[in-house]
Amino acid sequence: MEKRYSEMNEFELKQEIAQLMEKARKAEQLGIVNEFAVLERKILMAKAYLLNPADFKQGEVYQIDGDPGSYFKIDYIDGVFAWGYRLSGGQPQEALPISMLQPLTTRLGHN
């Protein structure tokens, strides 16, 4: 039986991420778009469990990784998910894995 990400330790999570990345690379090379997308989401979820949810603050705005120019304001954190809104407006509240969120100071410091 497979372990849930929440039950894995750091070493197991890193091994899982490496295996998923390899599978995703192969799926991309073979042009299997659906499988690649599923594997990318699994990687994001596994990476979320390597982060500390307490590092993500309610009311703060974060850059959405992989979506330049998109920002997300956190209403609250539930486990490894940040619930809130995209600043582009007009969209309902949604949950993103915290691994998708990058602090603005990090992004601004590299420009």
Side-chain angles (χ1 to χ4, degrees):
M1 188 170 143
E2 249 184 78
K3 275 186 171 181
R4 295 173 182 239
Y5 294 148
S6 61
E7 298 169 334
M8 292 182 182
N9 63 36
E10 182 178 348
F11 177 76
E12 291 170 319
L13 283 166
K14 287 181 177 179
Q15 276 190 318
E16 176 74 3
I17 291 166
Q19 290 171 357
L20 290 169
M21 288 176 81
E22 179 61 21
K23 287 179 184 177
R25 185 186 65 75
K26 287 179 182 175
E28 186 177 35
Q29 286 178 341
L30 295 172
I32 308 171
V33 178
N34 291 343
E35 184 176 342
F36 178 74
V38 168
L39 291 165
E40 272 192 319
R41 285 185 174 79
K42 285 184 174 186
I43 292 165
L44 281 171
M45 286 305 304
K47 285 181 175 181
Y49 282 95
L50 290 173
L51 300 172
N52 182 358
D55 292 340
F56 296 83
K57 307 295 181 204
Q58 178 180 344
E60 287 193 15
V61 175
Y62 294 82
Q63 165 79 40
I64 300 175
D65 196 25
D67 194 358
S70 292
Y71 301 95
F72 188 82
K73 184 174 182 182
I74 296 176
D75 283 342
Y76 66 94
I77 300 288
D78 185 8
V80 296
F81 286 94
W83 284 85
Y85 297 88
R86 292 177 191 252
L87 293 186
S88 53
Q91 297 179 15
Q93 185 181 49
E94 65 180 309
L96 296 178
I98 57 176
S99 56
M100 288 183 68
L101 303 178
Q102 301 295 321
L104 292 180
T105 54
T106 300
R107 289 286 178 207
L108 297 176
H110 291 289
N111 288 339

Visitor: Listing request: all salt bridge (charged side-chain N to carboxylate O under 4.0 Å, His left out) pairs with a residue in residues 2-18, at least two apart in sequence or in separate chains.
Guide: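 As it turns out, the salt bridge (charged side-chain N to carboxylate O under 4.0 Å, His left out) pairs with a partner in residues 2-18, which skip direct neighbours, are Lys3-Glu12, Glu10-Lys14.
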
Visitor: So which heavy atom on Leu51 is nearest to which on Pro53, and how close?
Guide: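 That closest heavy-atom pairing would be O-CD, 3.4 Å.
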
Visitor: Does Tyr49 have any side chain to side chain donor-acceptor pair (under 3.5 Å) partners at least two apart in sequence or in another chain, and if so, which?
Guide: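 With sequence neighbours excluded, Tyr49 shows a side chain to side chain donor-acceptor pair (under 3.5 Å) to no residue whatsoever.
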
Visitor: Suppose clustering is done on Ile, Leu, Val, Met, Phe, Trp and Tyr with side-chain heavy atoms closer than 4.5 Å. Which residues sit in the same group as Ile32?
Guide: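 Once heavy-atom contacts under 4.5 Å are chained together, Ile32 belongs with Leu30.
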
Visitor: Quick check: is Phe81 connected to Phe56 through a chain of hydrophobic side chains (ILVMFWY, heavy atoms under 4.5 Å apart)?
Guide: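 Yes: a chain of side-chain contacts under 4.5 Å links Phe56 to Phe81.
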
Visitor: Heavy-atom count check: over 12 atoms from other residues, nucleotides or ligands less than 6.0 Å from Met8 CE?
Guide: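 Counting other residues, nucleotides and ligands, CE of Met8 exceeds 12 neighbours.
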
Visitor: Which distance, rounded to the nearest 0.5 Å, do you find between the CG of Leu44 and the CG of Leu39?
Guide: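 Separation between the atoms: 11.5 Å.
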
Visitor: Check ring-ring contact (aromatic ring centres under 6.0 Å, His included) between Tyr5 and all other residues, then give those that pass, not counting sequence neighbours.
Guide: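 Expected list: none.
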
Visitor: Output all residues satisfying side chain to side chain contact (heavy atoms under 4.5 Å, CB included) with Ala18, sequence neighbours left out; order by chain, then residue number.
Guide: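 Testing Ala18 for side chain to side chain contact (heavy atoms under 4.5 Å, CB included), a comparison that skips the adjacent residues, returns none.
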
Visitor: How many angstroms lie between atom CE of Met45 and atom CD1 of Ile17, to the nearest 0.5 angstrom?
Guide: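 Interatomic distance, Met45 CE to Ile17 CD1, rounded to 0.5 Å: 11.0 Å.
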
Visitor: In Å and rounded to the nearest 0.5 Å, what is the CG to CD1 distance from Leu101 to Ile74?
Guide: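 Going from CG on Leu101 over to CD1 on Ile74, the span is 5.5 Å.
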
Visitor: Looking at residues at least two apart in the chain, or sitting in another chain, which of them share a side chain to side chain donor-acceptor pair (under 3.5 Å) with Gln19?
Guide: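 For Gln19 there are no side chain to side chain donor-acceptor pair (under 3.5 Å) partners, ignoring immediate neighbours.
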
Visitor: Could you tell me which residues satisfy side chain to side chain contact (heavy atoms under 4.5 Å, CB included) with Ala48, sequence neighbours excluded, listed by chain and number?
Guide: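 Only Val80, Pro97, Ile98, Ser99 meet the side chain to side chain contact (heavy atoms under 4.5 Å, CB included) criterion with Ala48.
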
Visitor: Might you point out which heavy atoms bring Gln91 and Tyr85 nearest each other, and give the distance in Å?
Guide: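 Of all heavy-atom pairs spanning Gln91 and Tyr85, the closest is O-CD2, 3.6 Å.
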
Visitor: Going from CE on Met100 to CD1 on Ile64, what distance comes out if it is rounded to the nearest 0.5 angstrom?
Guide: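 The CE atom of Met100 sits 6.0 Å away from the CD1 atom of Ile64.
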
Visitor: Residues in side chain to side chain donor-acceptor pair (under 3.5 Å) with Glu60, at least two apart?
Guide: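 Applying side chain to side chain donor-acceptor pair (under 3.5 Å) to Glu60 gives Tyr62.
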
Visitor: If hydrophobic clusters are built by linking Ile, Leu, Val, Met, Phe, Trp and Tyr wherever their side-chain heavy atoms come under 4.5 Å apart, do Ile77 and Leu96 end up in the same one?
Guide: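 Yes: a chain of side-chain contacts under 4.5 Å links Ile77 to Leu96.
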
Visitor: Using the side chain to side chain donor-acceptor pair (under 3.5 Å) criterion, which residues pair with Glu22? Sequence neighbours excluded.
Guide: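 Checked Glu22 against side chain to side chain donor-acceptor pair (under 3.5 Å); matches are Arg25.
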
Visitor: I need the full list of salt bridge (charged side-chain N to carboxylate O under 4.0 Å, His left out) pairs touching residues 70-96, with sequence neighbours left out, sorted by first then second residue.
Guide: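 Pairs touching residues 70-96 that pass the test: Asp67-Arg86, Arg86-Glu94.
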
Visitor: My understanding is that only residues two or more places apart in sequence, or in another chain, count here; which of them pass ring-ring contact (aromatic ring centres under 6.0 Å, His included) with Phe72?
Guide: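 Phe72: no ring-ring contact (aromatic ring centres under 6.0 Å, His included) contacts found.
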
Visitor: According to side-chain hydrogen bond (donor to acceptor under 3.5 Å, both in side chains), does anything in residues 32-48 pair up with another residue at least two apart or in another chain? List the pairs.
Guide: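 Listed once each, the pairs would be none.
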
